[in-house]
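The next block holds one structure in the form of structure tokens; read it before the comments.
None of these values were measured; they are calculated from a predicted model.
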Amino acid sequence: MQINDIPFGTTDWNQVERSEHQGESGIAVWRTQRFGDIRVRMVEYTPGYLADHWCEKGHILLCLDGELTTELEDGRIFVLKPGMSYQVADKAEPHRSSTSVGARLFIVD
């Protein structure tokens, strides 16, 4: 990846507008910034969140708080705790997220 044409800047994530996304259960709250073709998000999942779809978008995801369970369509399951991350390419391995306790994530895609 090459990052071009983005001047130095800072982001106060508390000042970024929130958008809510209903899951199969629970809610995901996104705070999204775009830098050219790069989308950067701070995402909070409520306790009991389960995604309502299999995602095929590539991400680099860092768990900041809580605990995130990521299920791959082939049945593998990974649990991320604070300080853990995952990365996956576009259309590489469909995945979906859930959390029983809630989670706060930093995602680049």
Carboxylate-amine/guanidinium contact Arg96 Asp52, below 4.0 Å: no
Would Arg104 and Glu44 pass as an ion pair if we require N to O under 4.0 Å?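 Salt bridge between Arg104 and Glu44, a charged N being under 4.0 Å from a carboxylate O: no.
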Write out all pairs satisfying ring-ring contact (aromatic ring centres under 6.0 Å, His included) with one or both partners inside residues 50-84, taking only residues at least two apart or from two chains. His59-His95
Please list every donor-acceptor pair under 3.5 Å in which a side-chain atom of residues 81-94 meets a protein atom from a residue at least two apart or in another chain.
unit_1	atom_1	unit_2	atom_2	d
Asp90	OD1	Lys57	NZ	3.4
Asp90	OD1	Gly58	N	2.5
Glu93	OE2	Arg76	NH2	2.4

Flag, side chain of [X] to backbone of [Y], donor-acceptor distance under 3.5 Å:
X     : Y     : result
Ser25 : Gly48 : yes
Thr46 : Ile27 : yes
Glu71 : Gly75 : no
Thr99 : Glu67 : yes

Less than 4.5 Å apart, any side-chain heavy atom of [X] and any of [Y]?
X     : Y      : result
Val16 : Thr11  : yes
Pro47 : Val101 : no
Val40 : Phe35  : yes

Is it possible for you to check whether Arg31 lies under 6.0 Å from the centre of the six-membered ring of Trp13, through NZ or CZ, and within 45° of that ring's axis?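 Pair Arg31/Trp13 does not count as cation-pi.
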